[in-house]
Q: 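First, the structure itself, so that you have it in front of you.
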Amino acid sequence: MSAQETTFGKAITAGLRAALAEDEKVVLMGEDIGTLGGVFRITDGLMQEFGPDRVVDTPLAESGIMGTAVGLAYRGYRPVVEIQFDGFVYPSFDQIVSQVAKTYYRTRGAVPMPVTIRIPFGGGIGSPEHHSESPEAYFVHTAGLRVVSPSTPQEGYDLIRAAIASNDPVVYLEPKRRYHDRGPVDLSAPLRPMGPAAVVAEGTDVTLVAYGPLVKTCLQAADAAAADGISIDVIDLRSLSPVDYGLIEASVRRTGRLVIAHEASRTGGLGAEIAATVTERCFHWLEHAPVRVTGFDIPYPPAKLEHHHVPDLDRILDGVDRALGRPNSLDSIDPFAPPTPLAADGTERG
Amino acid sequence: MSAQETTFGKAITAGLRAALAEDEKVVLMGEDIGTLGGVFRITDGLMQEFGPDRVVDTPLAESGIMGTAVGLAYRGYRPVVEIQFDGFVYPSFDQIVSQVAKTYYRTRGAVPMPVTIRIPFGGGIGSPEHHSESPEAYFVHTAGLRVVSPSTPQEGYDLIRAAIASNDPVVYLEPKRRYHDRGPVDLSAPLRPMGPAAVVAEGTDVTLVAYGPLVKTCLQAADAAAADGISIDVIDLRSLSPVDYGLIEASVRRTGRLVIAHEASRTGGLGAEIAATVTERCFHWLEHAPVRVTGFDIPYPPAKLEHHHVPDLDRILDGVDRALGRPNSLDSIDPFAPPTPLAADGTERG
Amino acid sequence: MGTVSLNTPPTGMPHVPEPDLHQVLTPEGHRRPDHDLDPWLEDVTATMLAGLHRDMTVIRRLDTECTHLQRQGELALWPPLLGQEASQVGSAAALQREDYVFPSYRENGVAYLRGVDPLGLVRLWRGSTYAGWNPAETNLAAQQIIIGAQSLHAVGYAMGLRRDHSEAAAISYFGDGATSQGDVNEAMVFAASYHVPVVFFCQNNHWAISEPVTLQAKRHIADRPWGFGIPAMRVDGNDVLAVLAATRRALERARNGGGPTFIEAVTYRMGPHTTADDPTRYRSKDEVEAWRAKDPIDRVEAHLAATLTGSDRDARGGALTIEAVREASAAAADEMAAALRTGLAGLVDPGPEALFEHVYAEPHHELARQREHYRLYLAQFDGEQLEAGTR
Amino acid sequence: MGTVSLNTPPTGMPHVPEPDLHQVLTPEGHRRPDHDLDPWLEDVTATMLAGLHRDMTVIRRLDTECTHLQRQGELALWPPLLGQEASQVGSAAALQREDYVFPSYRENGVAYLRGVDPLGLVRLWRGSTYAGWNPAETNLAAQQIIIGAQSLHAVGYAMGLRRDHSEAAAISYFGDGATSQGDVNEAMVFAASYHVPVVFFCQNNHWAISEPVTLQAKRHIADRPWGFGIPAMRVDGNDVLAVLAATRRALERARNGGGPTFIEAVTYRMGPHTTADDPTRYRSKDEVEAWRAKDPIDRVEAHLAATLTGSDRDARGGALTIEAVREASAAAADEMAAALRTGLAGLVDPGPEALFEHVYAEPHHELARQREHYRLYLAQFDGEQLEAGTR
Ligand SMILES: Cc1ncc(C[n+]2csc(CCOP(=O)(O)OP(=O)(O)O)c2C)c(N)n1
Ligand SMILES: Cc1ncc(C[n+]2csc(CCOP(=O)(O)OP(=O)(O)O)c2C)c(N)n1
Ligand SMILES: [Mg+2]
Ligand SMILES: [Mg+2]
């Protein structure tokens with residue numbers, strides 16, 4: 001174990017470098033990843049090191065990138081595609097959903113699709129529109145894909161290597177606002193599997209599940225809560241699809257309370273899936289309904305407003321308070337008030 | 001009220017005809033919708049009636065269709081776009097997610113996007129690949145869109161008119177395997193709002209929520225269950241986004257049990273959202289965790305296998321049995337067995 | 001909206017000579033000289049023509065059989081290729097084993113020539129499987145239903161070929177309608193940018209379901225690639241020799257580092273779009289009849305009838321007469337059809353285990369759980385069972 | 001992968017004359033005759049040239065100011081248009097009020113000429129809003145960041161114009177990189193198919209972030225539209241008169257039922273892609289310097305200096321000398337900059353209510369609920385508040 005301190009971004013670079021070195025079938029493709037080294041410099045130096053045949057600047061067309069990656073996989077390559085920002089993945093959505101995700105099934109296993117799709121995602125860096133999205137739910141709902149998101153430099157390194165080594169297509173979501181975070185990274189770590197989640201802070205009162213950029217915020221929340229005498233079990237998912245439910249269940253059986261945090265919009269987000277599944281599997285242990293702390297059901301807002309949208313420490317703690325039945329923002333709402341179905345004329349009685 | 005008996009498909013045609021007649025800004029666009037009247041004949045005769053300026057055959061390019069619809073909306077039109085089959089919507093996903101859904105927000109209300117996106121969806125008709133998908137979760141997760149799905153000819157007529165009349169973009173999901181179902185349709189019905197769900201069978205033991213193609217199956221299940229002495233409250237969502245939770249809550253507060261059925265894959269499907277939300281709002285009333293009866297987390301399978309994938313009467317009844325704690329398929333599974341987190345080496349202890 | 005004729009290019013439009021329609025065999029079976037194609041047809045013999053005749057005949061029979069099987073309820077659907085035999089046979093005959101083919105749903109003739117068992121096509125089109133063949137064995141990608149998507153796959157594959165310094169080429173088949181899709185245009189951008197060994201083979205059969213090619217393209221399709229930096233050729237797609245020659249030429253260019261080529265094979269879909277389609281709703285009988293006169297098999301027959309000298313010999317040394325050609329082709333078609341019908345009886349529908357197989361290449365605990373739950377569910381009934389699996 | 005020169009078209013490639021680069025004003029300021037463009041410049045006077053000089057100067061100042069403001073932390077980001085002033089001013093000057101513009105993120109000069117308040121641009125680029133202006137007031141669509149998407153919007157708008165028998169036209173701006181996107185190609189397909197009054201205005205500034213135009217296109221961009229049935233013209237994008245004339249000509253064609261036109265304005269992005277970019281990583285100083293010699297403002301100045309007769313008068317009847325032109329332009333730029341700086345002080349960041357507004361045009365009970373919950377949440381703190389709303 002020879003861990004060295006480095007940034008999250010550089011840890012991913014190191015993982016890419018290792019993958020390029022280990023397997024000549026690994027090819028990186030994307031816009032501006034070659035000469036420039038990517039707009040976030042994640043591929044910095046790799047074209048120089050491995051040549052423009054291994055690290056390929058592509059024309060400006062995401063469907064083209066994804067579709068040619070599929071063709072390269074047909075030829076036995078392991079393409080690693082960079083999507084420049086989260087909001088630019090949609091032009092390639094068809095190739096992802098109908099080709100990358102389904103070719104292995106379509107060919108009954110004759111043609112694997114070991115395509116890794118790297119997407120810097122999430123907000124918090126003051127970017128313009130389309131540069132701060134959290135599209136993970138679309139991919140989690142798509143059978144045939146795996147979805148992972150690291151939360152630390154070490155995970156960044158481990159998971160990119162595991163994603164590239166996997167014979168399944170993997171959407172690898174990089175928490176872009178953590179690129180400059182530093183942490184120890186063991187470059188000689190053995191290839192670890194993508195699946196297992198991790199308890200990153202131990203606690204007994206409530207289970208707090210997050211992934212990617214919000215893991216750090218949740219750890220801060222756990223610290224802050226500890227000062228208030230609340231003990232939070234923080235779980236870092238790492239793999240968003242499939243989810244390591246066993247670990248969450250084990251925690252929830254102890255705490256009886258679950259909070260899930262993500263930046264993506266609430267409705268149909270991963271939080272819903274985790275809440276539903278944990279409720280199914282731990283109904284008898286739950287003392288309170290799972291609580292979701294998420295982005296709102298709005299387009300990602302302009303940068304000056306993003307601090308409202310992206311869950312922060314306070315909103316997460318408010319969620320924890322709700323799960324624990326402590327004083328919280330929704331106390332004035334009577335949970336026993338009669339529900340208000342929409343009137344037949346569409347007006348809202350509420 | 002002058003209801004006449006007609007098919008589901010023809011009811012939608014009638015709704016389109018009414019919309020075309022009422023507002024000259026309504027324009028229908030899509031592949032093969034003009035001369036041919038659409039591959040399902042939903043636009044049959046409309047080009048002849050309203051002219052090729054109102055019912056427009058487009059080049060074979062879904063992004064092009066959606067993108068030009070956005071431009072028409074900029075010009076004050078109300079485009080109604082037909083996507084030929086569910087699986088062909090993805091090439092237009094970028095225009096839907098980044099343009100149709102967000103332009104109103106982007107322009108702070110200056111440019112409404114009254115675009116209706118008609119998609120025949122779902123399986124059960126023995127089609128080839130890409131012709132049987134249920135993509136609703138993608139749209140439900142996309143803020144700025146509304147999503148509806150009718151389950152009867154009358155709803156088909158009502159909802160298409162309401163969708164076109166709405167100043168918001170609406171994804172209108174047509175349960176294609178019900179196109180030939182017949183039912184009474186009142187063509188003189190006033191414009192009804194899209195929002196409210198409906199209790200389509202009253203019951204007291206369990207709440208069964210469905211939409212589109214599975215509503216009929218759920219009604220059959222309710223009938224079958226009644227013979228067994230089980231009384232099911234069947235709710236037809238109609239609007240998938242937003243969901244009329246008030247109606248569901250009211251029902252669940254009576255029954256204490258919830259089953260949600262859909263064809264789409266389970267993980268990240270609408271069932272997860274409804275289960276999570278109802279658990280949040282009705283935790284104290286729930287006697288059992290909400291049960292989901294859904295398609296599996298697989299690509300839509302070949303036609304000869306689809307009867308396994310699409311929930312049928314028996315699978316829905318099995319779900320009802322689970323919600324009620326009656327003998328069911330999962331009885332051999334001990335819910336109190338310890339959970340099995342993934343081992344750090346990725347192997348599954350389970 | 002009416003349309004203004006684009007025949008006279010407005011000012012500012014570069015005056016480009018329309019690509020000729022290259023034709024080598026006229027509908028009457030006359031051999032025409034073609035400066036560009038003749039060099040690629042020097043090895044053509046009567047025996048070879050007889051072979052092309054046989055392949056087209058077998059494929060037409062395959063198509064007819066499958067159309068019948070659909071009517072009989074054996075298949076769920078079938079997309080006839082009637083009329084397009086020369087385009088499919090001529091192009092496929094030019095391919096080598098190591099070349100890789102990315103087809104649409106209509107290249108069932110090409111598939112046959114790649115060695116796909118007709119029963120595989122039957123299994124595919126009856127809905128038993130999405131895998132009508134094994135791409136790894138046939139160098140034929142899975143059929144593509146998403147219009148145009150495969151054009152990018154071919155380019156990506158060709159990027160790999162170029163990296164591997166392979167002498168093989170990739171070929172992508174698509175229709176006239178597909179040219180409107182972004183993907184096909186992006187495929188041309190990537191192919192030109194990376195200068196890869198790929199052939200874009202567009203069968204312009206004049207219709208995309210009910211939409212005429214004129215709705216998709218205001219100029220000939222073969223006019224478009226040039227602007228992307230890709231040479232193109234417009235050939236008579238009902239002329240098996242012209243198609244063969246053009247494809248050979250394009251493949252040769254690909255193998256020699258000459259980069260991508262685009263071929264527009266001008267042909268006609270004589271049948272419905274699929275067996276679910278009713279073409280009388282959108283096109284005239286006259287149009288169809290006019291194309292019947294250009295039948296791809298007839299013209300080879302007419303040519304052979306006119307040119308067989310009596311001294312030609314077939315592969316086994318027998319006299320190669322036009323009757324012998326017809327008989328041999330018919331016999332091959334009969335044989336294929338008989339095998340198909342026999343095999344049909346033995347086809348077994350897939351069981352529920354196929355649902356969960358090959359979704360992922362590696363273990364997936366949540367899907368394994370769903371599979372197990374479904375096994376338990378099915379176990380309640382008498383019928384189909386799902387085996388208990390390790391995952 | 002090396003690339004093979006495509007300068008000599010391989011066999012089978014139709015030999016099309018390369019579209020000339022139309023130029024009316026040389027970098028030295030000489031007026032060159034251009035058969036195609038001259039008819040569109042008959043009304044050009046010294047006063048008009050002075051006006052174009054002023055607009056370019058103001059826009060350059062706007063660009064410089066905003067670049068500074070970004071460095072000072074007032075803006076989150078800014079995409080400089082330095083070097084592209086002639087392309088933006090020349091094209092925008094040709095537009096009428098009722099024409100509708102679909103810009104990318106870089107058309108901040110065009111936006112200014114459409115009447116957008118520079119403060120609107122500041123609010124947009126500092127991240128206060130996505131709505132830097134009201135499209136309904138400016139006939140300028142919201143800026144588009146998704147590369148190429150707006151090209152389809154322009155075509156759709158033009159479909160509407162045609163239906164309305166309007167005499168207006170739509171114009172879509174995009175870059176050289178955008179031409180690789182499926183959307184831009186589909187836009188050409190639709191525009192040609194429906195023969196709509198749209199102008200595709202491509203600013204080929206030679207770079208898409210770090211990628212040279214040669215990665216996107218192996219031929220001139222203006223070579224591509226022809227194959228779609230769309231006339232195209234390649235103009236010197238640093239020549240404001242050439243751009244003006246070409247755009248006028250394209251718009252006139254559109255208004256007269258002549259359908260779409262494509263203009264490639266050959267220019268250069270002198271600055272970084274955005275203020276977040278470091279162009280020294282991917283291009284040489286020499287290249288930039290070579291383009292500096294083709295500066296769009298300088299050449300108008302050179303031209304005016306050489307041609308002003310002394311008898312020319314400005315709008316107010318004053319003597320129109322080159323010094324007067326320079327002074328007037330600088331004064332206008334100062335005025336704009338001063339107003340901008342003043343306005344800046346008064347800008348207020350949006351409050352949280354803006355989060356939930358205009359997501360939907362009609363009531364949405366679930367979003368109203370989220371808003372209400374967030375109001376209750378915020379109410380716990382001292383700072384920002386969200387008003388209790390009916391929904
Ligand atoms: C993305 C997508 N959109 C729509 C369809 C439905 N569709 C199937 S075939 C077809 C027409 C294709 O025409 P063409 O490309 O000319 O090929 P052909 O069928 O004539 O061989 C259409 C619209 C599809 N399969 N995929
Ligand atoms: C769909 C999409 N992909 C990627 C990007 C990231 N991106 C922003 S600008 C740009 C380059 C655009 O180049 P070009 O079209 O030449 O316009 P220019 O910036 O030179 O004006 C890229 C790749 C984007 N905005 N949208
Ligand atoms: Mg066709
Ligand atoms: Mg550019």
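Letters A, B, ... mirror the listed sequences (proteins, then strands); counts begin at 1.
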Q: For A:A69, which atoms come within 4.5 Å of any heavy atom of chain C: side chain, backbone, both, or neither?
A: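 A:A69 has no heavy atom closer than 4.5 Å to chain C.
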Q: Write out, in numerical order, the residues from residues 161-171 of chain A with a heavy atom short of 4.5 Å from a heavy atom in chain C.
A: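 Checking residues 161-171 of chain A against chain C gives A:A165, A:S166, A:N167, A:D168.
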Q: Is it the backbone or the side chain of A:K25 that comes under 4.5 Å from a heavy atom of chain C, or both, or neither?
A: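 Side chain only.
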Q: Which atoms of A:M66 are under 4.5 Å from chain C, going by heavy atoms: the side chain, the backbone, both sets, or neither?
A: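 A:M66 has no heavy atom closer than 4.5 Å to chain C.
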Q: Let me see the working for A:E280 and A:T277 under side-chain hydrogen bond (donor to acceptor under 3.5 Å, both in side chains), right down to the final yes or no.
A: CA-CA 5 Å; A:E280 285 159 16; A:T277 300; 4.5 Å; no
Q: What residue, out of C:S166, C:A354, C:S151, has the most heavy-atom pairs lying under 4.5 Å from chain A?
A: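 It is C:A354.
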Q: Output the option from A:A101, A:G109, A:G144 having the highest count of non-hydrogen pairs under 4.5 Å with chain C.
A: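 The answer is A:G144.
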Q: Can you check whether anything in residues 119-138 of chain C gets within less than 4.5 Å of chain A, heavy-atom wise, and list it by number?
A: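 Listed by number: C:T129, C:Y130, C:A131, C:N134, C:P135.
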Q: Side chain, backbone, both or neither: which part of C:A187 has a non-hydrogen atom closer than 4.5 Å to chain A?
A: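 It is neither, since no heavy atom gets under 4.5 Å.
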Q: Could you give the distance from CD1 (C:I221) to CD (C:E264), rounded to the nearest 0.5 Å?
A: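 C:I221 CD1 to C:E264 CD: 4.5 Å, rounded to 0.5 Å.
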Q: Once you round to the nearest 0.5 Å, how far does CZ of C:F102 lie from CD of C:Q144?
A: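 It is 10.5 Å, given to the nearest 0.5 Å.
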Q: Looking at C:E372 and C:R375, is any side-chain nitrogen of the basic one under 4.0 Å from a carboxylate oxygen of the acidic one?
A: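 A salt bridge links C:R375 with C:E372.
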Q: Checking heavy atoms, do the side chain of A:I65, its backbone, both or neither come under 4.5 Å from chain C?
A: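 The answer is both parts of A:I65.
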Q: Under 6.0 Å from the six-membered ring centre of C:Y173 and within 45° of its axis: does the NZ or CZ of C:R106 meet both?
A: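 Pair C:R106/C:Y173 does not count as cation-pi.
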Q: Find the one option among A:T103, A:V27, A:D244, A:T58 whose heavy-atom pairs under 4.5 Å with chain C are most numerous.
A: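 It is A:T58.
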Q: Salt-bridged, A:E82 to A:R118, with N to O below 4.0 Å?
A: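 Salt bridge: yes.
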Q: Given that the side chain runs from C-beta out, which part of A:Y77 has a heavy atom under 4.5 Å from chain C: side chain, backbone, both or neither?
A: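 Interface part for A:Y77: side chain.
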Q: How far apart are the C-alpha atoms of C:Q216 and C:D176, what are their side-chain angles, what is the distance that settles it, and do they pass the side-chain hydrogen bond (donor to acceptor under 3.5 Å, both in side chains) test?
A: CA-CA 8 Å; C:Q216 319 281 349; C:D176 45 304; 6.0 Å; no
Q: Side chain, backbone, both or neither: which part of A:P59 has a heavy atom under 4.5 Å from chain C?
A: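 Answer is both: backbone and side chain atoms of A:P59 are under 4.5 Å from chain C.
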Q: Count the heavy-atom pairs under 4.5 Å between each of A:R108, A:M113, A:R106 and chain C, then report the option with the highest count.
A: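 Ranked by contacts with chain C, first place is A:R108.
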Q: Do the ring centers of C:F228 and C:F262 come within less than 6.0 Å of each other?
A: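 No, ring centres 6.0 Å or more apart.
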